[in-house]
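What follows is one structure encoded as structure tokens, with my remarks underneath.
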Amino acid sequence: MRPLAGSKLAERALQRLFLTVFLRGRSARGIRKSLTPSSIPSKLALTLLLYALVGGVALVWRKQSLFVLSTCLHAMTFVFLGTFVAASAGELLFNKDEADILLHRPVAPRTVLWAKIAVLVRVSLWLAGAFNLVGMFVGLAAPDAQLWFPLVHLLSTALVALLCTAWVVLVYELCLRWFGRERLDGLITFAQVVVTLATVLLGQAPRLLLQHPGFTRLAESSWALLLPPAWFAGLDVALAGHGGVTSWAVAALALVVTLGTSWLALGRLALSYEHGLRVLGESTSLRAGGGTRRRFIHTLATRGPGAWLLRDPVRRATFLLVLAYLARNRDTKLRVYPGIVPLLIMPFLLLGREGGSSFGIAFAGAYLGLVPMFIPTAAGMRAGSGTLQPCTCTDSADGGNIVGG
Amino acid sequence: MITLRNLRKCFGAQVAVDDLSFEVPSGQIVGFLGPNGAGKSTTLKMLTGILEPSSGTAQIAGFDVRTQVLDVKRNVGFVPDSGAVFESLSGLEYLELVAALYGIPAEAARSRIQQFISFFDLSFETLTDKLLGAYSKGMRRKVVITAALLHNPPVVFFDEPLDGLDANAAVGFKALIQTLAREGKTIVYSSHVLDVVERVCDRVLIIDKGRLLLDGEPQELVQRHQAGTLERLFTLLTGGEQLEQRAEAFAKTFKA
């Protein structure tokens with residue numbers, strides 16, 4: 001048998017695997033393969049088209065200098081990609097089932113990590129490329145742009161995609177290294193929520209920048225050079241504009257930070273990932289939540305309005321089941337919380353943006369009204385729960401009651 | 001072929017496997033028994049490189065599970081009790097992936113997969129058309145067993161391999177592991193179905209609370225302890241006494 005550790009064949013197979021799993025979804029119960037090839041590429045194409053349409057916002061900055069245009073494009077790319085990578089990375093990087101499928105195969109965990117990161121970077125590149133498509137050509141209209149700006153911007157966008165992925169992976173690895181295995185499951189969810197939250201909050205920076213009356217001057221002021229989007233814009237200006245020393249300096253900073261972060265995340269701390277994968281395979285003795293939390297939930301379900309709403313024992317049991325999933329089940333937490341965070345924080349951002357005006361309050365209230373849209377997620381959890389599936393109460397006629405519970 | 005010396009695994013303060021030592025030569029089928037939580041799956045996971053031992057040593061086909069873990073993995077096949085697979089791959093995609101991870105060229109892999117398909121009475125269409133998430137438990141188990149044997153490993157670990165298999169497939173599987181053992185493969189077979197273990201295995205190891213309680217040929221052990229059957233011996237050793245009385249007491253609670 002050939003020696004295989006790190007072999008090209010294994011690497012290619014793993015990349016193909018993770019890309020397929022990522023695009024089809026990890027769990028595809030009941031789906032026939034014959035249905036997937038037509039639906040997945042079309043869904044992907046639609047997503048890329050949407051990103052390209054949103055990227056049309058670049059037309060707003062068509063009269064700006066190359067540096068301002070590039071800064072805006074890279075800032076928005078950071079927000080979109082950061083959110084995407086943060087939402088996808090937890091499930092892709094640390095999947096419990098993989099221990100039983102992959103860890104006894106002759107493949108080094110580092111090879112597995114690289115394959116996963118390659119898939120994340122590849123999908124990020126597709127999205128970033130679609131989003132920047134319009135901007136690449138709008139940039140040609142900038143007074144100081146060279147003809148090869150689209151190619152240079154493509155390169156800097158690729159670096160942004162790499163940096164976004166490396167940052168998220170680095171956060172996971174550092175959490176693993178600092179906090180250890182005992183709290184791994186909760187920690188991964190926590191890290192993902194923090195990364196999503198940070199992305200949403202940092203995403204407000206370019207918006208505030210754009211709304212500022214002296215935006216052009218701000219974007220070209222020295223403090224703006226502290227922001228990562230400006231570094232990559234510096235790369236664009238250095239290679240495809242009339243770049244000065246400052247452009248070359250920030251371009252170098254972009255390269256150093258991207259390569260440094262990638263080296264740390266993909267090389268230096270990859271051992272933490274290996275440890276994390278093994279830890280996921282260990283059968284930890286899960287304990288039920290603390291007594292206070294359990295008493296609070298019990299009170300919620302048995303006293304006051306809760307007692308009336310949940311008077312049906314099936315509803316009450318379902319309510320407790322959903323709460324248990326939300327509190328203890330890692331996959332559920334990874335899917336639900338990072339998705340909820342932007343929705344919950346948006347009302348406050350809208351309130352802050354509108355300065356407490358009646359419009360802001362109304363808009364924030366409307367946004368909060370979207371929260372019940374997460375009920376289908378709970379329904380999905382019910383559908384995935386083997387505990388309730390055999391019950392007669394889980395048929396479609398009564399599904400509404402359960403979700404209501 | 002398999003050598004364990006004082007192998008130990010702790011999860012925090014909990015000791016899952018405690019000072020386990022035994023050897024298994026080539027061509028032997030060993031039943032690895034124990035009650036729930038005895039440490040069977042943890043031991044198998046250490047021997048297949050999924051978990052790292054806390055202390056002690058183990059060698060598979062001459063390779064150390066700590067220092068030569070990739071060599072160990074090349075020489076073992078493993079059917080985990082979870083039967084986990086990538087549900088969004090078709091059976092064929094999954095088996096081709098596994099073949100690629102062991103460096104088996106695509107054509108050779110396809111030919112081996114065909115042999116397993118005919119052995120397990122699977123249709124090629126099912127293997128190519130349906131995603132694994134849509135397979136029945138038994139079908140999925142057949143794919144997992146195929147994936148464990150595809151690279152022709154000298155040592156194979158089975159953790160509850162019959163779970164979900166229909167009667168014909170189970171009979172076929174028992175014949176298969178006996179044939180594999182005759183060809184010189186070492187088989188470690190962990191199961192709670194003791195009559196199958198008694199019929200198939202050359203030797204049984206019984207562990208409880210991470211410690212080895214008994215090691216020997218099934219018939220010889222049953223006779224030595226005057227237990228009548230392996231099942232009776234198992235309950236005597238692992239604290240399963242007075243099960244009939246306990247069952248009656250349990251049933252009475254419904255009448256009350």
Side-chain angles (χ1 to χ4, degrees), chain A residues 1-37 40 95-109 111-112 115 180-182 274-275 277-285, chain B residues 9 11-14 16 37 41-42 44-45 47-52 69-94 96-106 128-135 144 147-148 151-153 157 159:
Chain A
M1 210 174 289
R2 285 190 284 163
L4 296 168
S7 76
K8 289 287 168 205
L9 188 61
E11 273 178 39
R12 275 202 302 271
L14 284 172
Q15 284 190 28
R16 199 167 55 244
L17 161 75
F18 293 124
L19 187 62
T20 309
V21 168
F22 186 84
L23 293 178
R24 283 188 192 158
R26 196 163 284 278
S27 173
R29 199 176 292 275
I31 297 174
R32 287 182 78 84
K33 190 196 164 199
S34 55
L35 298 177
T36 52
I40 287 170
N95 183 270
K96 211 165 190 166
D97 288 340
E98 268 175 33
D100 275 353
I101 306 172
L102 286 181
L103 277 190
H104 57 92
R105 313 284 180 200
V107 186
T111 312
V112 177
R181 68 169 289 269
E182 296 299 328
E274 180 174 353
H275 174 69
L277 274 186
R278 283 193 154 187
V279 161
L280 276 180
E282 293 183 1
S283 51
T284 51
S285 50
Chain B
K9 179 68 187 177
F11 298 115
Q14 185 188 346
S41 294
T42 303
L44 296 189
K45 284 180 177 178
L47 297 180
T48 50
I50 296 176
L51 295 178
E52 193 175 3
V69 69
L70 284 178
D71 292 311
V72 167
K73 289 176 180 183
R74 277 182 207 115
N75 284 282
V76 301
F78 180 43
V79 176
D81 61 341
S82 68
V85 288
F86 289 107
E87 294 192 346
S88 44
L89 297 186
S90 72
L92 186 65
E93 284 172 336
Y94 180 72
E96 284 178 342
L97 160 81
V98 170
L101 295 182
Y102 288 99
I104 303 170
T128 51
D129 282 358
K130 279 170 102 177
L131 300 186
L132 283 163
Y135 280 29
V144 173
H151 59 292
N152 195 23
F157 296 95
D159 199 353

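Throughout, a chain's letter reflects where its sequence line sits, starting with A, and its residues are numbered from 1. Heavy-atom basis, side chains included; hydrogens, waters and symmetry copies ignored. This structure is a prediction, so every number in the text was calculated from the model and none was measured.
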Does B:Lys45 use its side chain to pair, donor to acceptor, with the backbone of A:His104 at less than 3.5 Å?
-> no
Side-chain touch B:Leu101/A:Leu102, heavy atoms, less than 4.5 angstrom = yes
Side chain to side chain contact (heavy atoms under 4.5 Å, CB included) with B:Ala99: which residues, sequence neighbours excluded?
-> B:Ile104, B:Ala109, B:Leu150
How far does CD of A:Glu98 sit from CD1 of B:Ile50, to the nearest 0.5 angstrom?
-> 12.0 Å
CZ of B:Arg74 to CZ of A:Arg105: how many Å apart, nearest 0.5 Å?
-> 14.0 Å
What closest approach, in Å, do A:Leu17 and B:Leu89 show between heavy atoms, and which atom pair accounts for it?
-> CD1-CD1, 3.4 Å
Select, from B:Val98, B:Val76, B:Asn75, B:Asp71, the one with the greatest count of heavy-atom pairs under 4.5 Å involving chain A.
-> B:Val98
Point-to-point distance, once rounded to the nearest 0.5 Å, from OG of B:Ser88 to CG of A:Leu23 | 9.5 Å
Point-to-point distance, once rounded to the nearest 0.5 Å, from CG of B:Asp81 to CG of A:Asp100 | 7.0 Å
Who pairs with B:Tyr94 by ring-ring contact (aromatic ring centres under 6.0 Å, His included), at least two apart in sequence or on another chain?
-> none
